[in-house]
Amino acid sequence: MNLLVLGPQGAGKGTQAKRIAADYNLPHISTGDMFRAAIAAGTELGKRVAPILASGELVPDQLTVALIQDRLGDPDAVGGFILDGFPRNEAQADALDEMLARIGRGLDAILFFDLPDDVATERMLSRAVAEGRADDTPDVIERRLAIYHAETEPIVEHYRATGKLVPLHAELDVDTVYSEVQDALGMVGNR
Ligand code: AMP
């Protein structure tokens, strides 16, 4: 299965994506995690993107698309994947469509975790305390949500047009949302 999770920060998509990855034996491919790993390892990429992540802005498409293109070519992604945090704008969505078309693959489902801003902000602030993420300060959270609405939210329509968008109730508790995910993926499996 080739899956994508979409939604604002704080919607729980990372948590759900990890659970799906474990249960369905798919690699969890998170661009945010990949950038944070590069920063922690002090690589050239890490040095380049560290200030961008700290500010809440988006890393340039060229870098991000190249990173995903490489990662999707890894042997563990041949049987499927779950993408988290990519695409983040229309250009990245187009690039992903092209990448997948070139290798004769397509997305089976786009799981859309929708959430009101006030709930997203509250969840991100409490995560800041739990995880100590550098980009979970109130100013940066506000900026990241603004970028989500301006750049990422429009691609919901890109994916709705495919008929494969699965809207989920991200405001509910983790287990309830996960059972919605399982219902949706059961239907994908039977298609
Ligand atoms: P995340 O963990 O998905 O919230 O990502 C953390 C940060 O990494 C974002 O605020 C961006 O700075 C950067 N980032 C992650 N994914 C992308 C992407 N697809 N395009 C551009 N920047 C990204």
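Start at 1 and go down the list; that is how both ligands and their atoms are numbered. In this chain, residues are counted from 1 in sequence order. Given the structure is predicted, the values throughout are model-derived calculations rather than measurements.
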Q. What closest approach, in Å, do A120 and L145 show between heavy atoms, and which atom pair accounts for it?
A. CB-CD2, 4.1 Å
Q.
Could you check whether D114 and H169, counting side-chain N and O atoms only, form a donor-acceptor pair closer than 3.5 Å?
A.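 On atom types as modelled, these side chains do not qualify, holding no pair under 3.5 Å.
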**Q.** Donor + acceptor pair across side chains of T176, D173 (<3.5 Å)
**A.**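 Yes, because at least one side-chain N or O of T176 sits under 3.5 Å from a partner of the opposite role on D173.
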Identify every side-chain donor-acceptor pair in residues 124-131 under 3.5 Å, counting partners at least two apart or on other chains, and give the distances.
from: S126; atom 1: OG; to: E122; atom 2: O; distance (Å): 3.3
from: S126; atom 1: OG; to: R123; atom 2: O; distance (Å): 3.1
from: R127; atom 1: NE; to: D136; atom 2: OD2; distance (Å): 3.2

Q. Who are the residue neighbours of ligand 1 when the rule is a heavy atom under 4.0 Å from any of its atoms?
A. T31, G32, F35, R36, L53, E57, L58, V59, T64, G85, F86, R88, Q92, R133, D135, R144
Contacts table for residues 6-16: side-chain donor-acceptor under 3.5 angstrom, sequence neighbours left out:
from: K13; atom 1: NZ; to: G7; atom 2: O; distance (Å): 3.3
from: Q16; atom 1: NE2; to: V174; atom 2: O; distance (Å): 3.1

Counting only pairs under 3.5 Å, give me each side-chain donor-acceptor contact of residues 45-56, with atom names and distances, residues two or more places apart or in other chains.
from: S55; atom 1: OG; to: P51; atom 2: O; distance (Å): 3.4
from: S55; atom 1: OG; to: I52; atom 2: O; distance (Å): 2.8
from: S55; atom 1: OG; to: E57; atom 2: N; distance (Å): 3.3

